[in-house]
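A, B, ... follow the sequence lines: proteins, then strands. Residue 1 opens every chain. The structure presented is a predicted model; accordingly, all values stated were derived computationally and were not measured. Side chains are part of it too, since the values below use all heavy atoms of this structure and drop only hydrogens, waters and symmetry mates.
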Amino acid sequence: MRLATQDVVDGLALWPLWIRLGWNDILQRYRRSVLGPFWLTVSMAVMVVALGVVYAQIFKIAVRDFVPFLCVGLIVWGYISALLTEAGALFTGSESYIKQIRLPYSLYVCRFVWSKAIILAHNFVIYFGIVSYFQIWPGSVGLCAIPGFLIVTLNGALTSSYLGIVSARFRDIPQIVASVVQIVFFVTPIMWKPELLGARSHLMAWNPFHHLIEIVRAPLLGQMPSLENYAAVGVITAANALVAAALFCRYRARIAYWL
Amino acid sequence: MSPRSDASASAAIISLDRVSVSFPVYHGGSRSLKKAILSRSSAARIGRDANDQVTIDALRDVTLSLRTGDRLALIGANGAGKTTLLRVMAGVYEPIAGTIDVRGRVSPMFDIGLGIDVDLSGYDNIRLRGLLLGLSSHDIEARLSDIADFTELGDYLDMPVRTYSSGMMLRLTFAVATCYEPEILLMDEWILAGDAHFLAKAERRIDSFVDQASVLVLASHNLEICRRWCNKGLWMAQGQVRALGSVENAIESYEASAA
């Protein structure tokens, strides 16, 4: 327990290192390409426009209503799904580091979450494009997206740390996570609005991802997330923290042996 | 020398007390979740299986202690546990049994390629590696010219590391690892990949900081280098200590067994 806490404290304190490593991860992937990480932005932008126009027609919703909703939803979902699907490689991908040098394990988590946040920032450019094109401005409510983003990030860090640990031991976990994430994408209101569920829209209360997305998406679209959203996210965060703390304390020292 | 009195000595920089390390071997199937779940369903039989799990005892009851000025050579056949012992000293593996106490900053040199990004320049890699070894960016900038001098790479330091030969990479790694007079320097055999000129230079550098209250542990098959660089020797076989004492004695008993 004490060692685990120490690990987290040391890991956070090494921020110059994980900021640099995370940044390098991004640079490495796009080195010598002209657009660099903005390739992500471009592909996301094309997807938002194409899906936006088609689905607005299918659902018979005004493009002006639907495209901003879709845009923010996809950007936030992109962040969450990257955190989940790539968490499996969190420790296995850093094998060369873990086996050569003693660094806090939390450092790898920070590096991972940070590099995903950088990608999110690149995608976020699209939001400004959409906002200025449709002339919608969320006003000061938009600032509520910042704590929302931080809470989502915290949950991402907690979840990816325990998924990383379990995946180091059981190598099928990343596959399972990948298929679950794909299903979640379709059952969560990202490509469709929750109102479309009609009388059954209360079902969404049981979808944790709906709440996590909503606390970022709603403010950016100029609405306040509901109290229910915040309460649900509070419960999710507490549960994640418990699981992460339990697994991290118990198995932290074993990670090196499993790699 | 009696290990017990050594371990209690306060001047000990590294002390291991009956340290054992064993690796679980997960072959294909047993590494999967499937097997873990199935084994739960037929508790009795496979429960015994779980105890029979194949493990490799990499280190067994290793007790030793090193003090200021000790330069220990680890010798032994392939698979004797030399590298594992180095990694335990580096804090990579926390022992399954026994205790280890390490006082001082450890500078491990196991892998030349660790943290090396081949697309970055030599200078940028020096900065990255310095951060990995726990230096602050300020420390690194202060020592940058020193490090550059030692590597003798000159203008090459502005080139991407992908253009380097392995010997050049070794110079870079060695220079960073020894730039701040590490208290504990752990080296695996690859150090011998350098040319004669580099080896002589490396030896002088190590001489200079071992005088300043440091410990060196070198694992090598090159007995000549062991004799020159070290004053203590540890002969290992099958993860156990066979002989521990002066470097001459250890090498003699090792050679006697090989003959």
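- Interface remark: B:Ser22 contributes backbone atoms only to the contact with chain A (heavy atom separation under 4.5 Å).
- Neither the backbone nor the side chain of B:Leu86 comes within contact range of chain A; no heavy atom of the residue lies under 4.5 Å from a heavy atom of that chain.
- A salt bridge between B:Asp70 and B:Arg67 is absent, with no side-chain N of the basic residue lying under 4.0 Å from a carboxylate O of the acidic one.
- Considering CD1 of A:Ile101 and CZ of B:Arg87, their distance stands at 12.5 Å, rounded to 0.5 Å.
- Under the 6.0 Å distance and 45° angle rule, B:Arg171 does not count as a cation-pi partner of B:Tyr156.
- Most heavy-atom pairs under 4.5 Å with chain A: of the set B:Leu132, B:Leu128, B:Leu133, this distinction falls to B:Leu132.
- For the side-chain hydrogen bond (donor to acceptor under 3.5 Å, both in side chains) test, residues two or more places apart in sequence or in another chain that qualify with A:Arg102 are B:Glu94.
- Interface residue A:Leu103: only side-chain heavy atoms are found under 4.5 Å from chain B.
- When heavy atoms are compared at a cutoff of 4.5 Å, A:Gln28 approaches chain B solely by way of its side chain, counted from C-beta outward.
- With chain A as partner, the option from B:Val118, B:Ile96, B:Thr83 having the largest number of non-hydrogen pairs under 4.5 angstrom is B:Ile96.
- The side-chain hydrogen bond (donor to acceptor under 3.5 Å, both in side chains) test applied to A:Tyr251 returns no partner, not counting sequence neighbours.
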